[in-house]
Asks: 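Pasting in a structure now, in structure tokens, and then I'll have a few things to ask.
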Amino acid sequence: MLPKAYEPQEVEKKLAEKWQNAHLFAAKTDKNKKPFVIVIPPPNITGVLHMGHALNNTLQDVLIRSHRMFGEEALWVPGTDHGGIATQNVIEKKLAKEQHKSRHDLGREEFVKTVWNWYDECGNAIFTQFRKMGWALDLSDIRFTMDEKRAQAVFECFKQWWEKKYIYRGKRLINWCVRCSTALSDIEVEHEQHAGKLWHLRYKGEDGSEGIIIATTRPETIYADAAIAVNPKDERFKNLVGKKVIIPLANRAIPIIADEAVEMEFGTGALKITPAHDATDYEVGKRHNLPIMTVINDKGKMINCPEKYLGMDREVCRKETVKDLEEAGLLIKEEKYNNAVSTCYRCHSAIEPFMSEQWFVKMDKLAAPAIKAAETGELQFHPASWKTPFVNWLKNLQDWCISRQIWWGHRIPVWYCRECSKNGLTFAKDQQGKEQLTKVSFEDGAKPIVSFNKPAQCPHCHGHDLVQDPDVLDTWFSSSLWPMSVFGWPENTPDMQYFYPSSTLVTGYEILYLWVARMVMTGLDFTGKLPFKDVYLNGIVRDKSGQKMSKSKGNVIDPLDMTAKYGTDAVRFSLLMQAVPGKDIPYSEDSITGARNFCNKLYNASRFILMNMQGINGPLSMPEKVTELADVWILDRFATAIKTAREGIKNYNLALTANTLYHFLWDDFCDWYIELAKQRFQTAEKEKVMALCVHILYETLKALHPLIPFVTEEIATSLKPFVGTTEEFLLNEKYPECNASWFNADAQAKMTVIQGVTKEIRTIRAQFNVPPTLKITTVVSAKNEADLDTVKSYEDYIKLMTKTDTLTVGINQAKPRQTATATFDKLTIYVPLTGLIDFDKERKRLEKEITLANANIVSREARLKQENFLKHAPQEQIDKTRGELAAAQLALAQAQSSLEDLK
RNA sequence: GGGCAGUUGGCGCAGCGGUAGCGCGUCCGCUUCACACGCGGAAGGUCACAGGUUCAAAUCCUGUACUGCCCACCA
């Protein structure tokens with residue numbers, strides 16, 4: 001005997017192994033089949049599986065499994081991302097904690113080796129977790145953004161863009177993370193509102209006059225001021241423009257200039273211009289040819305400033321400067337101010353705008369085709385509302401800073417000759433005394449040689465002493481090539497030909513620009529094809545109250561814990577039930593128990609059917625023709641459910657698919673069909689009913705398999721002998737088709753009557769506490785014979801479902817004594833309850849009914865009196881309203897007469 | 001400052017032109033021979049607000065108010 005409750009743990013372990021051993025998820029380049037391809041958003045090799053992964057990968061898994069069952073050659077490509085700064089930070093922390101060492105203690109080579117060891121250790125551990133989740137990834141070939149093939153792709157891209165002059169090196173103000181000690185691109189910078197201060201400072205006139213008062217949030221940068229700017233329209237300062245003022249504490253004279261960028265209303269209307277430490281100021285500086293002076297270095301320490309502050313941390317210097325200004329009487333005002341602080345998306349420390357020479361990618365030519373693809377709808381977003389932000393972002397693109405001053409990543413494939421690039425290269429000795437190239441300056445004469453491997457000699461001077469650029473590429477550079485590189489691009493491999501472009505990208509909206517936009521651009525640039533046609537943006541899994549899950553808040557739900565506790569299917573299904581495209585998912589253990597209960601319901605329904613199969617041998621064939629109402633009806637319900645379930649998959653609305661199948665199985669199949677079947681099991685019909693049960697259940701398992709693969713596979717295994725299938729795995733079966741010939745509005749209507757009457761009787765039973773064991777007598781009456789047809793024909797259904805002994809059906813039946821009454825549509829229902837009636841209760845119930853019926857009558861009558869309604873509304877609608885009016889009138893009459901009788 | 005999304009019973013959400021549905025929770029009754037991770041029943045909502053379009057609006061349009069997110073060089 002099977003256990004009463006489904007126990008997923010053992011089953012899931014067994015099946016996950018079985019699937020992998022059978023290579024169930026492998027795909028071939030089968031020219032006779034349509035490919036369906038999803039390339040996984042490669043998880044960083046930094047950490048463990050979280051709810052976000054669980055959602056994102058479950059969605060992909062459902063799509064892959066569904067399309068495979070649709071008969072397509074479905075491939076889900078696995079891989080991991082080296083994760084640039086994020087991974088380097090993790091390893092640096094680990095190193096500090098375990099060995100009290102910095103990466104500089106190890107030296108570059110040794111450090112990179114350490115990260116590779118980490119990858120060997122943890123890279124595959126990620127996929128062990130993935131396998132446990134039952135995700136249908138073909139794990140025979142796992143890609144990594146830093147492996148050899150992917151490195152070739154990165155080089156090819158770099159080379160081609162260099163030759164096309166998309167890639168260039170330039171000196172400009174970039175975003176610098178002092179903590180990570182690297183440049184960042186614009187989108188890697190986050191803007192947070194911080195409670196800060198706005199200081200009003202006086203810059204005295206060079207001539208000893210009062211000068212001008214400016215407002216700033218960054219007093220420590222005054223030493224780098226190049227000018228004071230005012231708005232040219234500002235009457236207050238008109239006569240000051242052109243004059244010079246003295247920088248406080250630095251005693252250096254700078255001019256007052258006029259520039260449109262200055263907001264007259266803000267602060268004092270005067271702005272200090274510090275081109276080296278602020279993006280706006282940098283632009284102003286360029287317009288006015290101002291000198292650029294740097295006072296904060298790459299470590300966040302003060303340089304080129306009055307001696308007192310030299311070497312100070314920028315934060316300390318700010319405090320000191322304010323203090324000294326106050327003492328000098330030049331601090332006029334200090335006010336609280338919330339300013340937007342730029343922070344690093346990896347470590348959240350404050351970003352310094354920093355002058356430096358970096359590698360960039362010119363974006364305009366790359367963006368244009370991507371904009372077009374989105375605008376024409378060739379590229380589809382789900383939900384579509386992301387199209388506009390996507391296009392707008394591309395239209396306002398700044399050039400992409402791709403060089404990072406870290407060690408972990410694809411090293412820039414550019415070499416320099418120490419002979420002829422002498423002046424452009426800066427070296428420093430590391431802890432081991434080894435000489436390291438630290439900086440490259442094209443301005444100072446470094447001559448680039450683009451090459452994957454170290455060139456044999458310098459093409460300019462034939463020197464042999466060549467060194468590689470010290471920087472690595474932005475991690476998103478290799479990610480942007482991912483949909484191509486996973487198939488072996490730049491080589492035109494068979495995989496590339498067959499599987500590229502992929503079908504759908506499933507990812508979170510938080511990396512739409514960082515990743516998605518760039519894949520679209522590279523894909524179009526190198527192949528002329530979009531890397532995917534559909535972009536499905538899933539939401540974020542939040543906690544029950546809508547808060548983002550985070551370790552510091554302590555509201556994290558660990559998918560592996562939940563899986564261990566409730567089973568993988570439960571975790572998957574709970575996410576899918578809420579997976580509306582683009583919407584965040586509030587998540588709690590409660591939603592998992594609901595899904596777990598569903599899996600259990602499915603399991604128990606199956607258990608019941610299997611129990612009744614005892615004594616039946618071999619496969620039962622699906623009956624050619626069914627005539628019994630319950631059978632016709634359940635086939636109608638099934639066809640309808642499949643239609644909707646398929647629509648859900650097609651439109652990426654998996655919540656629709658999950659909910660539809662949930663309610664079909666539970667409400668229609670279990671609560672009505674099986675309940676009705678119980679009686680029929682006792683009759684000669686048994687085998688026919690069993691055949692239907694078995695086949696509908698098996699089809700339902702197929703339909704649910706992409707969503708909850710384990711429990712469905714487990715049940716299917718036991719069911720197979722009775723179905724007559726040769727497939728070992730559900731995944732190799734065909735997804736149920738919507739059989740339109742099963743649609744049956746008539747059966748639907750009849751069952752609605754039976755269910756309606758049943759419900760009324762059950763309500764009466766419950767209302768008057770009729771013990772479940774006590775059989776009752778029921779009378780159903782109507783004015784016309786035709787209205788009674790259904791009830792008459794299916795008396796047995798109602799008797800069974802309401803525990804009624806004697807059911808009398810007839811025209812204008814006399815009302816029995818001491819009876820509870822109810823109406824359903826054109827039917828009147830009497831349940832005589834001698835001795836059981838609570839008159840007070842019944843009176844209250846009837847009064848309520850009268851109120852409701854009256855309200856209904858009023859509104860329907862009003863509508864039916866409106867000429868415009870009768871003129872414009874479709875006939876169907878008018879008939880419906882008339883029907884409702886009649887039903888309400890009957891209900892009112894019945895309730896009134898019953899109430900009368902009670903008196 | 002700009003843009004996007006949301007506002008539906010106690011909570012979390014579907015619905016998106018024909019006067020409201022689900023899950024959880026609550027209350028009542030059931031160990032009925034698949035399932036108490038269950039069965040049957042009940043209570044509970046003028047669908048944020050104000051206009052408009054329409055025979056008909058939770059559903060379409062306009063505005064308002066909150067809430068959340070994204071983008072942005074007011075120091």
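Naming convention: chains lettered A, B, ... in sequence-line order (proteins, then strands); numbering from 1 in each chain.
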Asks: Please determine if a side-chain N or O atom of A:His191 lies less than 4.0 Å away from the OP1 or OP2 oxygen of B:rA72.
Replies: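 Yes.
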Asks: Tell me whether the guanidinium CZ or amine NZ of A:Arg637 lies under 6.0 angstrom from the six-membered ring centre of A:Trp672 and within 45° of its axis.
Replies: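 No - A:Arg637 does not lie over the ring of A:Trp672 by the 6.0 Å and 45° rule.
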Asks: Strictly under 6.0 Å, is that where the ring centroids of A:Tyr536 and A:His382 end up?
Replies: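 Aromatic pair excluded; centres sit 6.0 Å or further apart.
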Asks: Has A:Lys548 got a side-chain N or O lying under 4.0 Å from the OP1 or OP2 atom of B:rG68?
Replies: no
Asks: Looking at the side chain of A:Ser385, which of B:rC4, B:rA34, B:rG41 is the nearest nucleotide?
Replies: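 The closest nucleotide is B:rC4.
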Asks: Specify the separation, in whole Å, of atom CD of A:Glu192 and atom P of B:rA72.
Replies: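 Distance check: A:Glu192 CD to B:rA72 P gives 14 Å.
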Asks: I need the CD-C1' distance between A:Glu884 and B:rG18, as an integer number of Å.
Replies: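 Whole-Å distance recorded here is 9 Å.
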Asks: Map A:Thr388 and A:Leu656 onto RNA chain B by nearest heavy atom, then report which one ends up closer to the 5' terminus.
Replies: A:Thr388
Asks: Does the protein touch nucleotides 21-29 of chain B at the base, only the backbone, or not at all? Give it as B, S and - per nucleotide, heavy atoms under 4.0 Å.
Replies: -SS------
Asks: Taking atom types as modelled, find out whether A:His663 and A:Asp668 have a side-chain donor-acceptor pair closer than 3.5 angstrom.
Replies: no
Asks: I need the NZ-C1' distance between A:Lys387 and B:rG3, as an integer number of Å.
Replies: 16 Å
Asks: Find the distance A:Ile829:CD1 to B:rG41:P and express it as a whole number of Å.
Replies: 13 Å
Asks: Looking at residues 256-278 of chain A, who's got a heavy atom less than 4.0 Å off RNA chain B?
Replies: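 Residues of residues 256-278 of chain A that come under 4.0 Å of RNA chain B are, in numerical order, A:Val262, A:Glu263, A:Phe266, A:Leu271.
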Asks: Specify the separation, in whole Å, of atom CG of A:Asn392 and atom P of B:rG1.
Replies: 19 Å
Asks: Side chains of A:Thr802 and A:Thr758: any donor to acceptor distance under 3.5 Å?
Replies: no
Asks: Distance alone, cut at 3.5 Å: any donor-acceptor contact between the side chains of A:Asn175 and A:Asp186?
Replies: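 Looking only at side-chain atoms, A:Asp186 and A:Asn175 do form a donor-acceptor pair, the distance falling under 3.5 Å.
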Asks: Using a cut-off of strictly less than 4.0 Å, decide whether A:Tyr337 has a side-chain nitrogen or oxygen near OP1 or OP2 of B:rC74.
Replies: no
Asks: To the nearest Å, how far apart are A:Arg762 CZ and B:rA42 P?
Replies: 10 Å
Asks: Here's one to test your reading of the geometry: is the NZ or CZ of A:Lys601 within 45 degrees of the ring axis of A:Tyr662 and under 6.0 Å from its centre?
Replies: no
Asks: Any side-chain N or O of A:Lys4 below 4.0 angstrom from OP1/OP2 of B:rC35?
Replies: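 It does, given that an N or O in the side chain of A:Lys4 lies less than 4.0 Å from OP1 or OP2 of B:rC35.
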Asks: A:Asn653 side chain to A:Pro581 main-chain N or O, any donor-acceptor pair under 3.5 Å?
Replies: no
Asks: Could you tell me whether A:Glu675 contacts a base, only the sugar-phosphate backbone, or nothing, with contacts defined as non-hydrogen atoms closer than 4.0 Å?
Replies: base
Asks: For the residue pair A:Thr821 and A:Leu846, establish whether any side-chain heavy-atom pair is separated by less than 4.5 Å.
Replies: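 When only atoms from C-beta onward are counted, A:Leu846 and A:Thr821 do touch, with a gap below 4.5 Å.
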Asks: Angle class for the A:Trp176/A:Phe354 ring planes (parallel below 30°, perpendicular above 60°, tilted otherwise)?
Replies: tilted
Asks: Is it possible for you to check whether A:Arg863 lies under 6.0 Å from the centre of the six-membered ring of A:Phe869, through NZ or CZ, and within 45° of that ring's axis?
Replies: yes
Asks: Say whether A:Thr563 and A:Lys565, considering side chains only, have a donor N or O and an acceptor N or O under 3.5 Å apart.
Replies: no
Asks: Does the plane of the ring in A:Trp666 sit parallel, tilted or perpendicular to the ring in A:Phe598? Use 30° and 60° as the thresholds.
Replies: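 Because their plane-to-plane angle is under 30°, the rings of A:Trp666 and A:Phe598 count as parallel.
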Asks: Atom CG of A:Leu852 to atom P of B:rG44: distance rounded to whole Å?
Replies: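 That distance rounds to 11 Å.
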Asks: With a cut-off of less than 4.0 Å, is there a side-chain N or O of A:Thr763 near OP1 or OP2 of B:rA42?
Replies: yes
Asks: Which string of ( ) [ ] | and . matches RNA chain B, if you list each base 5' to 3' and count Watson-Crick or G-U pairs only when both distances are under 3.5 Å?
Replies: ((((((((.[[[[.)..(..]]]].(((((.......))))).....[[[[[..)....]]]]])))))))....
Asks: Rounded to the nearest Å, what distance is computed from the CG atom of residue A:Asp186 to the P atom of nucleotide B:rC71?
Replies: 12 Å
Asks: How do A:Trp393 and A:Lys583 order along RNA chain B: which one's closest nucleotide is nearer the 5' end?
Replies: A:Lys583
